[in-house]
Amino acid sequence: MPESARNENERPERYNPAQIEPKWQARWDADPALYAAEGHDSTRKKFYCLEMLPYPSGKLHMGHVRNYSIGDALARFMWMRGFNVLHPMGWDAFGLPAENAALKNNTPPREWTLANIAAMRRQMRRMGFSYDWATEVTTCLPEYYRWNQWFFLKMYERGLAFRKKSKVNWCPECQTVLANEQVIDGRCWRHEDTIVEQRDLTQWFFRITQYADELLDGLDTMDGWPEKVRTMQRNWIGRSEGTLVDFTVANQPAEKITVFTTRVDTIFGATSVQLAPEHPIARSLAAGDEKLAAEIEKMIAQQKAAREAGDVGAIEKHGVDTGRFAVNPYNGEQVPIWVANYILADYGTGAIMSVPAHDERDFEFAQKYGIPVKRVIVPSSRAHTLPELPYTVEEDSMLSGSGQWSGKTCDEAQREMAAFAKANGFGSATVTYRLKDWGVSRQRYWGTPIPMVYCERGHVAAEGVPALEPGGVVPVAESTLPVVLPEKIEITQEGGSPLGKVPEFLNTTCPVCGGPARRETDTMDTFVDSSWYFYRYIDAKNGAAPFASDKAKYWFPIDQYIGGVEHAILHLIYSRFWTKVMRDLGMIANNEPAARLFTQGMVIKDGAKMSKSKGNVVSPDDMIARYGADATRMYALFAAPPDRDLDWQEDGVAGISRFLARVHRLATKYSERARQEINQSGSPSSAPRSVIEEKLLRVLHQTIAKITEDFSGRWHFNTSIAAVMILVNEVAAAEAAMDSQDVSSAAIAEIFRGLTLLLAPFAPFLAQELWAELGHEGAVFRAQWPEANADLARESEIEIPVQVNGKLVVVIKVPAGSDEAAVKGAALADAKIRARIEGKTVVKVIVVPGKLVNLVVK
RNA sequence: GCCCGGAUGGCGAAACUGGCAGACGCAGCGGACUUAAAAUCCGCAGACCCGAAAGGGUUGUGGGGGUUCAAGUCCCCCUCCGGGCACCA
């Protein structure tokens with residue numbers, strides 16, 4: 001850091017962040033090494049502090065400010081604790097808004113995006129966030145997205161990227177396909193009012209389901225992640241163990257209906273088979289039965305309507321008997337086949353066996369239609385009366401009326417019956433997931449081109465990789481990456497991929513035969529970009545690989561990841577998947593991307609999330625202009641604990657600003673004495689300390705202890721900041737004593753030095769200003785974090801509340817460390833206590849040393 | 001319906017392992033400084049009641065019960081708010 005900031009001419013009388021903050025920002029910006037980490041060969045312990053990268057909308061919002069203020073405080077603290085800190089930032093820069101902006105303003109997406117990035121980077125610097133800009137990652141640049149393409153090729157080689165025709169979610173507004181994760185209650189995640197349609201398209205997928213079990217099991221060991229996020233991911237993966245059982249259609253043994261059940265032990269109680277209306281057999285049974293066919297069409301329409309309304313659960317259960325029968329392979333019994341509107345075509349097999357006696361929903365359905373109810377599960381313990389139906393208990397229950405399995409426990413029966421099905425060729429144990437493979441194709445322009453071509457002669461890449469359809473699917477040669485997104489392009493509102501209209505892009509040659517070929521015109525889901533960006537930070541300029549493995553081995557896993565809970569499933573599950581794929585590619589050694597995850601609460605104003613439509617948005621720029629960056633970020637930490645929602649109140653920012661002004665006034669006033677003390681460089685005075693000096697040092701060291709603990713534990717920075725305020729209040733109250741010689745210059749130097757260091761993670765600009773003002777060299781956040789001195793922090797006398805029958809009567813003072821007898825004696829000697837217990841019997845005296853005394857009297 | 005959070009002054013909140021409820025801050029009120037205001041500094045402040053005051057009493061952490069010398073904190077039941085999942089067989 002250059003010379004001290006002290007200059008009599010420019011030093012303001014009053015706290016003026018508009019003067020202090022840009023000054024230090026300029027100095028920090030001029031020295032890129034300040035925020036840079038040492039290399040992966042550093043002997044220092046590393047700390048990878050990561051905040052979720054923003055979409056470059058062009059403006060920081062308060063949610064960003066909060067997220068980054070938390071991360072920045074932590075990064076600065078860890079620096080001060082001597083760690084080798086990596087604290088990077090980047091831009092999730094592909095995506096639809098750039099195309100919309102292009103349509104609206106006739107600005108090319110790239111230009112619009114890069115301008116937004118420049119604006120936001122400026123804001124971040126103005127906020128004083130300590131990012132190492134040398135490692136900046138921008139996902140829309142070919143230097144980055146070529147590695148998306150590279151990964152795509154690697155995944156294709158391993159069968160993890162594949163093409164299939166499937167029903168896809170289509171947002172008419174975005175004019176593109178959405179992943180399941182992007183459909184919320186039947187609506188587009190970006191367009192709450194737009195109902196998602198289903199279309200049949202051939203799409204690229206990543207086989208995330210191959211990792212379903214590992215993604216699920218890993219959650220159990222991830223104790224650095226919030227339980228809430230882990231639960232959400234567990235639900236999302238939705239693993240369900242069960243059995244597949246083939247029923248045959250009576251008189252048509254070639255027609256099989258495979259049902260999925262988690263309760264195969266109840267199969268002797270099955271009294272019907274229920275098909276989803278979309279089920280192929282439902283359709284084939286309806287052939288020639290117009291009434292049935294019409295019913296089925298009605299149900300499909302109804303399901304669609306409910307899906308669109310986002311209220312699937314509200315439809316009344318309803319079904320229609322096909323008049324046909326299915327044969328239960330366990331007992332040969334024939335049961336009617338129904339088609340029902342509550343059976344989902346896309347879960348399990350789209351067909352179930354209905355066991356009304358032991359399933360609540362089946363019971364309800366059977367009651368409605370008069371389908372028989374057959375009890376086959378009973379409690380193991382001999383109860384005199386049988387439990388009411390439906391009886392769904394598995395534990396301590398056993399089978400009855402179930403042939404050779406009668407008398408077995410449900411658990412045993414499930415295992416044995418699945419094995420029996422397998423042995424007899426009519427079923428098997430299986431696992432189903434709610435998680436589906438990740439559809440990554442998007443019919444959009446502003447994204448990573450998928451590096452595949454379609455050979456017109458039908459060539460295929462290699463043996464064993466069959467063409468899925470006429471026109472061979474051939475991966476682009478790795479050496480020719482990146483497939484560059486063309487810049488000259490006309491963006492229109494019509495459907496289909498815009499890249500299909502660019503002949504220079506579309507027409508290419510087949511990498512195998514050199515013949516004519518056309519490129520894949522879809523681009524990748526932007527969640528691909530954000531699934532691995534944090535690996536790129538460690539080696540952002542690497543032109544030969546996404547990153548060097550030895551660097552990843554040093555820096556990973558991320559020590560602390562911080563972001564919004566809204567990414568609990570999408571981004572965070574894809575990132576975990578990507579990490580496992582990279583591990584299997586031999587690129588990294590870690591199984592999970594982040595050791596610890598923190599999800600901060602939302603920023604609320606007037607009881608609602610800040611949003612343009614509600615008109616309650618507070619602009620960080622306005623806050624900076626009025627109160628400064630320090631006050632803005634410190635308020636974001638002070639107003640609520642970081643994991644809770646934060647209610648933005650501008651008066652509160654003003655309060656923080658006043659507090660900072662107080663600190664500034666006091667520190668400036670005593671800086672001369674502090675500087676002299678440093679310049680003397682002698683050992684601290686051994687003169688006995690005054691009572692007030694002792695008290696100031698005591699509070700200082702208590703505050704150091706508390707804040708140090710807050711950082712390593714609960715992260716309740718609101719109370720950390722409150723503790724600094726208490727310290728400052730104490731200092732202000734001691735002003736007279738400091739002005740006289742009741743407080744030594746050595747103590748003054750120590751107090752203001754400590755205060756400044758404590759403030760450094762929260763209000764970095766002011767802390768830096770005072771650091772220089774107090775005569776210290778260098779960057780304050782590279783100075784050593786103060787050590788709490790337990791001796792100085794110790795209270796000599798403590799207050800003990802004394803209760804009579806649990807009610808507070810008086811607070812007495814006793815020397816710290818007094819034993820039980822002494823405390824009890826002092827309590828009983830107190831005049832007020834004596835008056836209170838006079839004439840009564842003391843039944844019991846409870847003494848909690850250091851805490852309180854409670855006299856139980858009668 | 002299931003699973004997580006949460007409910008404490010006028011407001012944001014604190015009380016980490018059961019031990020002085022309301023730290024710290026905002027807003028408010030009173031005072032000092034000022035011709036005045038702003039800024040700053042000092043003080044008051046959960047509610048209710050008694051008292052001229054000093055002080056004293058009662059009550060109080062969404063509601064009801066319980067455990068305990070002692071409950072915002074633990075147990076049981078209930079209400080409301082926020083979030084997630086959901087005809088998942």
Side-chain angles (χ1 to χ4, degrees), chain A residues 14 184-185 226-236 238-240 242-243 259-263 266 274 276 303 306 312-318 340-344 346-355 359-362 364-365 432-434 565-566 568-569 601-602 604 607 609 635 638-641 643-656 658-659 661-662 665 706 709-710 713-714 716 718-726 728-729 732-733 735 799-811 843-848 850-857:
Chain A
R14 299 172 30 150
I184 296 147
D185 289 340
E227 190 50 52
K228 181 183 176 161
V229 171
R230 293 196 275 167
T231 304
M232 283 167 75
Q233 292 206 355
R234 269 186 208 110
N235 291 340
W236 191 261
R239 183 188 153 101
S240 178
T243 310
V259 304
F260 173 72
T261 177
T262 55
R263 290 295 305 275
T266 66
Q274 306 275 344
Q303 277 193 344
V312 180
I315 320 178
E316 203 195 328
K317 284 175 191 52
H318 153 75
N341 68 344
Y342 68 96
I343 307 301
L344 302 173
D346 57 2
Y347 183 79
T349 58
I352 66 155
M353 63 175 197
S354 181
V355 185
D359 181 278
E360 277 173 33
R361 199 183 36 206
D362 292 348
E364 189 192 322
F365 192 84
T432 63
Y433 300 91
R434 203 186 96 95
V565 74
E566 66 273 19
I569 24 196
M602 286 188 301
I604 305 269
K609 186 176 178 175
Y635 175 74
F638 177 67
D643 53 338
R644 276 220 244 164
D645 287 351
L646 180 154
D647 191 6
W648 195 270
Q649 294 183 0
E650 192 171 327
D651 287 340
V653 191
I656 295 288
R658 277 197 291 272
F659 165 73
R662 268 180 111 195
R665 181 185 71 78
K706 179 187 165 31
E709 204 183 299
D710 281 344
R714 297 194 311 156
H716 279 196
N718 53 330
T719 64
S720 308
I721 293 168
V724 182
M725 288 172 169
I726 291 168
V728 171
N729 290 346
E735 227 178 317
E799 294 189 333
I800 299 284
V802 183
Q803 301 176 334
V804 174
N805 288 341
K807 288 198 173 179
L808 180 71
V809 173
V810 70
V811 178
V843 183
K844 202 169 168 187
V845 180
I846 289 137
V847 180
V848 185
K851 280 277 160 69
L852 96 170
V853 177
N854 188 12
L855 306 172
V856 186
V857 302

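Proteins come first, then strands; the chains are lettered A, B, ... in the order of their sequence lines, and each starts at number 1. Excluded from the calculations below are hydrogen atoms, water molecules and symmetry mates; all remaining heavy atoms, backbone and side chain alike, are included.
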**Q.** Residues in salt bridge (Lys or Arg N to Asp or Glu O under 4.0 Å) contact with A:R239, at least two apart in sequence or another chain
**A.** A:D213, A:E241
Q | Closest heavy-atom pair and its distance - A:A276, A:L344 | A | CB-C, 4.0 Å
**Q.** Contact under 4.0 Å: A:N235 side-chain N or O vs B:rC2 OP1/OP2
**A.** no
Q.
Using a heavy-atom cut-off of 4.0 Å across all strands, would you classify A:V856 as base, sugar-phosphate, or nothing?
A. sugar-phosphate
Q: Using atom NZ of A:K317 as one end and atom C1' of B:rG1 as the other, report the distance to the nearest whole Å.
A: 10 Å
**Q.** Any residue meeting salt bridge (Lys or Arg N to Asp or Glu O under 4.0 Å) with A:R644, in chain and number order, not counting sequence neighbours
**A.** none
Q: Take the protein atom CG of A:D643 and the nucleotide atom P of B:rG6, then report the distance between them rounded to whole Å.
A: 9 Å
Q: Could you check whether A:I726 gets within reach of a base, just the sugar-phosphate, or nothing at all, counting any heavy atom under 4.0 Å?
A: sugar-phosphate
Q. What is the distance from CG of A:L855 to P of B:rG19, rounded to the nearest Å?
A. 19 Å
Q: Look at A:K807 and B:rG56 and indicate whether a side-chain polar atom (N or O) is within less than 4.0 Å of OP1 or OP2.
A: no
**Q.** Syn/anti state for B:rG9 [syn: chi within 90° of 0]
**A.** syn
Q: Mind checking A:E799 for me? I need base, sugar-phosphate or nothing, with any heavy atom below 4.0 Å counting as a touch.
A: base
(Q) If the cut-off is 4.0 Å, is A:S240 near the phosphate of B:rA89, judged by side-chain N/O to OP1 or OP2? (A) yes
Q. Excluding sequence neighbours, so at least two apart, what forms side-chain contact (heavy atoms from CB on, under 4.5 Å) with A:I800?
A. A:I798, A:I812, A:V814, A:V823, A:V853
Q. Of all residues at least two apart in sequence or in a different chain, which pass the salt bridge (Lys or Arg N to Asp or Glu O under 4.0 Å) check with A:K706?
A. A:D710
Q.
The criterion is side-chain hydrogen bond (donor to acceptor under 3.5 Å, both in side chains); which residues satisfy it with A:N341, sequence neighbours excluded?
A. A:Q302
Q.
Under 4.0 Å, heavy atoms only, any strand: does A:G238 hit a base, just the sugar-phosphate, or nothing?
A. nothing
Q.
My understanding is that only residues two or more places apart in sequence, or in another chain, count here; which of them pass salt bridge (Lys or Arg N to Asp or Glu O under 4.0 Å) with A:E360?
A. none
Q | Watson-Crick or G-U counterpart of B:rC85, or none if no pair lies under 3.5 Å | A | B:rG1
Can you check nucleotides 12-18 of chain B for protein contacts, nitrogen or oxygen pairs under 3.5 Å, and list what you find?
residue	atom	partner	partner atom	Å
B:rG12	O2'	A:A639	O	2.6
B:rA13	O3'	A:N718	ND2	3.4
B:rA14	OP1	A:N718	ND2	2.8
B:rA14	OP2	A:R644	NH2	2.8
B:rA15	OP1	A:R714	NH2	2.7
B:rC16	O4'	A:R714	NH1	3.2

Q: Please check the phosphate of B:rC88 (OP1 and OP2 only) for any side-chain N or O of A:R361 closer than 4.0 Å.
A: yes
Q. For A:I343 and A:G350, which heavy atoms make the closest approach, and how far apart are they?
A. CG2-O, 3.5 Å
Q. Can you name the residues that form a side-chain hydrogen bond (donor to acceptor under 3.5 Å, both in side chains) with A:T432, not counting sequence neighbours?
A. A:Y347
For nucleotides 39-47 of chain B, print each protein N/O atom paired with a nucleotide N/O atom at under 3.5 Å, atom names and distance only.
residue	atom	partner	partner atom	Å
B:rC41	OP1	A:R662	NE	3.2

Q) For A:N729, which contact category applies under a 4.0 Å heavy-atom criterion: base, sugar-phosphate, or nothing? A) sugar-phosphate
Q: Quickly work out the A:F659 CZ to B:rA23 C1' distance and round it to whole Å.
A: 15 Å
Q.
On the nucleotide B:rA89, are OP1 or OP2 found under 4.0 Å from the side-chain N or O atoms that A:Y342 carries?
A. no
